[in-house]
Each structure stands twice: as C-alpha cells, then as structure tokens.
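The shown structure was predicted, so the numbers you read here are calculated from the model rather than taken from an experiment. Residue numbers start from 1 in every chain, and the chains themselves are labelled A, B, ... in the order their sequence lines are given, proteins ahead of strands.
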Amino acid sequence: MSDQKLKPRLPRGLVDRGPAEIAATRRMLEKIQAVYERYGFEPVETPAIEFTDALGKFLPDQDRPNEGVFSFQDDDEQWLSLRYDLTAPLARYVAENFDALPKPYRSYRAGYVFRNEKPGPGRFRQFMQFDADTVGSATMAADAEICMMAADTMEALGIPRGSYVVKVNNRKVLDGLLESIKLTGPDNELKRLTVLRAMDKFDRLGRGGVQQLLGEGRKDESGDFTRGAGLNAAAIETVLSVFANVPASENKLAHIQARLKDSETGQRGLQELEEIWSLVNASGYGDGRVVIDPSVVRGLEYYTGPVYEIELTFQVQGGQDGTPRFGSVGGGGRYDGLVSRFRPEPVPATGFSIGVSRLQAALSYLGKLESTADLGPVVVTVLDRARIADYQRFVARLRADGIRAELYLGSGKMAAQFKYADRRNSPCVIIQGSDEQQRGEVQIKDLIEGARAAGAIASNQQWRESRPAQFAVPEASLVEAVREILARHGAR
RNA sequence: GCAGCUGUAGCUCAGUUGGUUAGAGCGCCUGACUGUGGAUCAGGAGGUCGGUGGUUCGAGUCCACCCAGCUGUACCA
C-alpha cells in the first residue's frame with residue numbers, strides 16, 4: 001500500500017504524560033526540594049548526555065558500551081551515552097569543578113535518566129530521579145544525615161510514618177559474610193555475584209526462593225530454571241542468617257556480629273553500621289523510620305560502604321495475587337571511588353536518589369496521590385463572530401489581572417464551546433450575546449457548580465431553562481466576579 | 001535472552017464443531033436544541049480480524065513461521 005499512513009506509537013517503556021500527571025509530579029518535586037533545601041543542599045544540573053567512559057559504562061574487555069545504556073557515536077567517533085543515573089554525572093561534575101566547589105560539597109538535582117532494560121509496572125526506560133549527595137566527607141554523619149533526610153522526604157510527600165522504612169546496610173558487612181563462608185579470591189568472583197544477587201531477591205522470592213538460588217537452583221512459575229550458586233548447607237545457613245527475623249536494629253547487629261568474627265572487613269562494616277545507628281538514634285529516627293537491615297544489597301558496582309534503600313510498606317488492599325509489588329522507591333550509598341577516578345586525591349562521597357516516577361506510579365496505584373489536574377483557563381465564548389474584538393477585550397482584562405483566560409478559537413456553536421470549556425477543566429465561561437450587551441452585562445457560568453447541579457435535573461429542557469450556576473454581572477465587575485468563582489473552587 | 005499466555009473498532013470484549021455483506025457496550029462526530037456542559041433519543045464515522053505463508057470448495061476460527069503486548073525469570077552498572 002503506497003498511501004499507508006505512518007502509525008503513531010511509542011517505543012515500549014516510554015510514556016506520554018498529561019496535565020494531571022505533570023501537576024502531580026510538580027507537586028512532588030516541590031516537596032522533595034523543600035526538604036533538601038532545608039538540609040542545606042544546593043541545586044546543580046548536568047546534561048542528559050555524557051561521554052560513555054565518564055559514566056564508566058563500557059563492557060568489560062570490550063570497546064562497546066554496556067547494553068543497558070543508550071549510546072551512540074559522535075562525529076569524532078567518541079562514544080556518548082544518555083545518563084542512567086544522576087550520581088555518575090555528579091561525580092564527573094565535581095571532579096571537573098573541584099577547585100571551585102566548597103568541600104564538603106552538598107548538592108541536589110532532579111532529572112530524567114534512561115535505562116535500556118525491560119520495563120514493567122512502575123518501571124520505565126525514561127524515568128525521573130531526585131538525587132542528593134555530599135561529596136568530600138568521609139564521616140558516617142554524612143550517611144546518617146542522608147538516611148534521616150530520606151525519611152523526612154517520605155513524610156513531606158504525605159507518606160505516613162510506618163508506611164515506609166529506610167533500611168541501612170554496609171557493603172563491607174556483605175563482603176565479610178562472603179569471606180566467612182570462604183568465598184574469596186578471583187576464582188569465586190562469579191559465585192560471589194550469584195550469592196549477592198540471590199540475596200537481593202529476598203523480598204520477591206522469600207527465604208525459600210533465596211535458599212534454592214544459593215544451592216542448586218530454582219524453577220520459576222513458567223517452568224524456566226535458574227542455576228544457583230551451589231553453596232553447601234552450612235554456607236547457605238550462614239548467608240540466610242542475615243534474614244533472621246530479629247526485631248530491633250541493635251539485635252540485628254549483635255546477631256550478625258557472631259558470624260563475622262573472622263573477617264576484618266566485616267568488623268569494619270559493622271562498626272560503620274553501629275556508628276550510623278547511634279547517630280540516627282540520637283536524633284530520634286531510630287523509632288522505625290530508619291532501621292538496620294543486613295540483607296540490603298543494592299546495585300553491585302560503585303558502592304563502597306553504607307548502602308540505603310527506601311521501601312514502601314503499604315498493605316495493599318484487595319490483597320490477592322494480582323497486586324503489583326512496589327518495593328524500593330529510592331536508595332543510595334557511599335561511593336568513595338567514583339570521583340577519584342578523575343582525581344589524584346581520594347574523594348569520599350555519599351548520596352541517594354528517589355525514583356520519582358516509580359514512587360508516583362506506586363502512590364497513584366495505591367490511591368495516595370492527589371491526581372487532579374489544575375483548573376483550566378476561563379473561556380470567553382463567541383456568540384457573535386463579528387464581535388470577536390470585544391470578546392478578546394474581556395480575555396485581555398482577565399489576563400491583565402493575572403487570571404488564566406482564553407478566547408474560544410474553534411468554529412463550534414454554543415454547545416460545542418461549552419463542551420470544550422468542560423474538557424479544559426475551566427472553572428467558568430463568559431457569555432455575552434446581544435441581550436447582555438444592550439444591558440451592559442456579561443453572563444458568567446460556574447461550570448463546576450453547574451456540574452454539581454446537573455445531577456438533580458431530569459430533562460434537558462429543564463436543564464436549559466434553569467441555567468444552573470449562571471448569573472449576570474455588569475461588564476465592569478467581570479474580573480471581580482470571576483475572582484470570586486476561582487476563590488470558591490480553591491484555584492491556585 | 002529464556003519460558004508461558006494473549007493479539008477482533010479509539011477502549012473493554014463477543015463471535016457456536018471452519019460456512020453468506022464481522023457484532024455489542026463505552027468513547028467519538030452530527031442532530032433533536034435559531035444562544036447553554038449532564039441525561040435521553042435518533043443518526044453517523046471507524047475493522048484488509050497483528051503479519052506472512054499453508055491446509056480447505058470456503059479461515060476471525062485449523063497449522064507453521066514472524067511481529068507485538070502481558071506475566072514470570074535472567075540481566076539491571
């Protein structure tokens with residue numbers, strides 16, 4: 001077919017966003033930003049594109065970028081990539097502007113990041129993160145503060161205390177654990193990865209699933225088989241001990257301490273955890289907002305010490321199987337090696353990101369999000385096409401007074417104009433035909449009030465004759481009357 | 001990537017053991033209403049049944065392959 005039309009469509013994992021979602025995102029961003037500002041962080045923004053090597057994302061032993069990142073070659077053949085998080089670009093920025101920045105350097109930024117991975121519910125290939133970092137401070141106080149800020153942010157977003165938890169662990173504890181089951185040396189590199197990955201799946205697969213993955217392997221619902229790490233029973237028991245149902249954070253520390261006796265790395269990790277815990281506790285956040293959880297793994301690359309994860313703990317009502325799981329909505333950790341890739345001196349850093357898109361998807365699914373679009377503009381209708389100049393003058397007066405307003409620019413008759421205004425979520429329309437003009441008046445119809453009245457009216461004739469929520473005011477009072485309607489409906 | 005399931009109108013779906021011009025609800029457009037949203041009523045537009053090939057007198061229906069979507073799993077720096 002030569003006259004075949006192009007089919008409008010989006011690649012998977014990408015979404016269009018309408019006014020209601022945009023408004024909801026904006027409200028979220030404002031709340032997050034307010035918390036970060038209060039903690040003394042300042043904004044900085046970097047571009048969406050970086051050199052691939054600056055992101056550190058070449059495949060090992062190959063000159064091709066990792067498939068998980070969107071990459072392309074510049075005119076000069078250099079590889080460029082879309083950022084896949086906001087941390088790596090920040091490290092590049094700090095390294096590049098090192099001498100000009102105050103240290104420790106505390107900054108935040110929001111922006112879209114891109115990952116070429118399989119999308120799912122609340123998982124997109126383009127999504128927004130809100131990130132905050134402290135660069136140039138090695139003290140655990142920086143990490144403790146990040147955790148407390150994460151908790152404050154959740155509450156600022158309207159998530160009640162007890163409906164979220166900030167979990168803290170330390171990569172050194174995990175390394176120590178692997179040491180204690182003798183998974184050391186380069187030969188065991190792959191096994192170590194397999195063990196950590198298995199642990200990371202605890203919330204999804206449960207203890208049994210993780211146990212299978214640590215041992216022989218596991219068959220999923222579709223019958224597909226995943227090979228396990230092949231550990232012996234004693235080693236499996238040691239690894240699973242971190243999932244023990246020990247209620248208090250102090251006890252968790254004690255519980256795991258015994259298993260790490262032989263590992264110096266593990267002991268150091270425990271010390272760091274204890275330090276964070278005492279700082280968090282001193283500020284009162286140890287009441288369940290921030291907890292120690294030795295099972296938190298997080299991504300596998302650049303974290304060097306403490307790692308954090310923000311999790312929603314909502315009980316999803318209707319609790320059958322079909323309900324999606326919204327686990328982690330944010331996380332982060334200490335990445336002491338990332339900036340020093342560019343610098344001669346060591347530059348410790350720690351930070352965390354909130355997955356704004358995912359959190360929004362979760363909140364909206366759970367009905368915890370006010371997802372109403374903002375009110376639309378006041379629409380001035382066109383009854384007499386010869387008098388467009390007059391109508392435009394009404395519009396100009398409203399705008400001059402700071403009120404969103406527009407002239408109906410379509411070609412429809414009255415009914416179409418009302419439908420248009422309705423769809424635009426307009427608070428009211430302005431009408432002036434020859435009758436009103438002679439009396440020096442305009443009709444104002446409150447669409448929101450009118451919609452409410454519609455329920456009680458049976459016939460169309462009655463509806464039209466009663467003209468619900470409609471009234472006349474002198475032309476001179478136009479702005480004032482519209483203001484009243486806006487105020488009544490809580491317009492911002 | 002691997003596995004399972006599903007592809008019929010913009011959306012949600014019906015379509016008997018293969019049998020004439022492929023249906024419904026919702027939505028959309030127009031009108032009833034020379035100047036009023038909703039409701040109602042009447043009319044209208046919109047589909048080469050995901051694609052290609054095959055079996056058959058005949059395929060939305062059966063078969064093969066491909067494509068897309070969903071779910072699980074792997075990977076996710």
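As rounded to the nearest Å, B:G23 and B:C28 have P atoms that lie 23 Å from one another. Distance noted for atom P between B:C62 and B:U8: 15 Å (whole Å). Of the C1' atoms belonging to B:U20 and B:A59, the separation is 14 Å, rounded to the nearest Å. Across B:G43 and B:G69, the matching C1' atoms stand 36 Å from one another, rounded to whole Å. Nucleotides B:G60 and B:G19 are separated by 13 Å at their C1' atoms, to the nearest Å. Rounded to whole Å, the separation between the P atoms of B:G31 and B:G37 comes to 12 Å. Rounded to whole Å, the separation between the C1' atoms of B:U55 and B:A14 comes to 27 Å. Comparing the same atom, C1', in B:G27 and in B:C63 gives a spacing of 37 Å after rounding to whole Å.
Between A:R197 and B:A74 there is no side-chain polar atom (N or O) within less than 4.0 angstrom of OP1 or OP2. Note on A:W463: every side-chain N or O is 4.0 Å or more away from OP1 and OP2 of B:A39. Between A:R12 and B:C67, a side-chain N or O to OP1/OP2 separation shorter than 4.0 Å is absent. Applying the 4.0 Å criterion to OP1 and OP2 of B:C75, one finds that A:K201 has a side-chain N or O inside that range.
Taking the charged nitrogens against the carboxylate oxygens, A:D85 and A:R115 have no contact shorter than 4.0 Å, which rules out a salt bridge. Remark: A:R387 does not engage A:D384 in a salt bridge, criterion side-chain N to carboxylate O under 4.0 Å. Ionic pairing of A:R452 and A:E449 is present here: one or more N-O contacts between side-chain nitrogen and carboxylate oxygen are shorter than 4.0 angstrom. Here A:R424 pairs with A:E406 in a salt bridge; the nearest charged N to carboxylate O distance falls below 4.0 Å. Ion pairing between a basic and an acidic side chain is recognised when a charged N comes within 4.0 Å of a carboxylate O; A:D390 and A:R393 show such pairing.
In this view, A:Y420 and A:Y408 satisfy the ring pair (Phe, Tyr, Trp, His ring centres under 6.0 Å) rule, not counting sequence neighbours. In this structure, A:Y105 has no ring pair (Phe, Tyr, Trp, His ring centres under 6.0 Å) partners at least two apart in sequence or on a different chain. Listed by chain and residue number, A:E145 satisfy the salt bridge (charged side-chain N to carboxylate O under 4.0 Å, His left out) test with A:R106 (two or more places apart in sequence, or in another chain).
Taking a 4.0 Å limit (strictly below) on heavy-atom distances, residues 418-430 of chain A reaches RNA chain B at A:F418, A:K419, A:D422, A:R423.
Screening residues 192-211 of chain A for ring pair (Phe, Tyr, Trp, His ring centres under 6.0 Å) gives A:F202-A:F243 as the qualifying pairs, with residues at least two apart or on separate chains.
Annotation: of the two residues near RNA chain B, A:K445 and A:P119, the 5′-most nearest-nucleotide partner is A:K445. Of the two residues near RNA chain B, A:F114 and A:P468, the one whose nearest nucleotide lies more 5' is A:P468.
A:D384 comes within 4.0 angstrom of no nucleic acid atom, judged by non-hydrogen atoms across all strands. Across all strands shown, A:I431 has heavy atoms under 4.0 Å from base atoms, whether or not it also approaches the sugar-phosphate. In this structure, A:S434 reaches the bases: a heavy-atom distance under 4.0 Å links it to at least one base atom across the strands shown.
Taking the side chain of A:R115 as heavy atoms from C-beta on, and the options B:U36, B:C76, B:C75, the nearest nucleotide is B:C76. The side chain of A:A454 approaches B:G38 more closely than any other nucleotide in the set B:G37, B:C76, B:G38. Residue A:R123 places its side chain closer to B:C76 than to any other of B:G37, B:C76, B:U73.
Rounded to whole angstrom, the span from the CD atom of A:E67 across to the C1' atom of B:C75 amounts to 9 Å. Between A:F225 atom CZ and B:C2 atom P there is a gap of 18 Å when expressed in whole angstrom units. Between A:E117 atom CD and B:A74 atom P there is a gap of 14 Å when expressed in whole angstrom units. In this entry the distance linking CG of A:L196 with P of B:C76 reads 11 Å, nearest Å. B:G37 atom C1' lies 15 Å from atom CZ of A:R452, rounded to whole Å. Here B:C76 presents its P atom at 20 Å from CG of A:L82, a figure rounded to the nearest Å. Rounded to a whole Å, the CZ atom of A:F124 is 16 Å from the C1' atom of B:C76. Summarising the geometry, the separation between CZ on A:R464 and P on B:G35 is reported as 10 Å, rounded to the nearest angstrom.
Using modelled atom types, one finds a donor on one side chain and an acceptor on the other under 3.5 Å when comparing A:T350 with A:Y308. Donor-acceptor pairing under 3.5 Å is lacking for the side chains of A:R467 and A:Q443.
A donor N or O paired with an acceptor N or O is found under 3.5 Å between the base of B:U73 and the side-chain atoms of A:K118. Not a single donor-acceptor pair, N or O on each side, falls under 3.5 Å between the base of B:U36 and the side chain of A:Q443. Checked by distance alone, A:Q462 brings no side-chain donor or acceptor within 3.5 Å of a matching partner on the base of B:G38.
Between A:N116 and A:R125 there is a side-chain heavy-atom pair separated by less than 4.5 Å.
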Self-check item: Watson-Crick and G-U pairing of RNA chain B written in dot-bracket, each distance under 3.5 angstrom, with | for inter-strand partners
Solution: (((((((..((((.....[...)))).(((((.......))))).....(((((..]....))))))))))))....

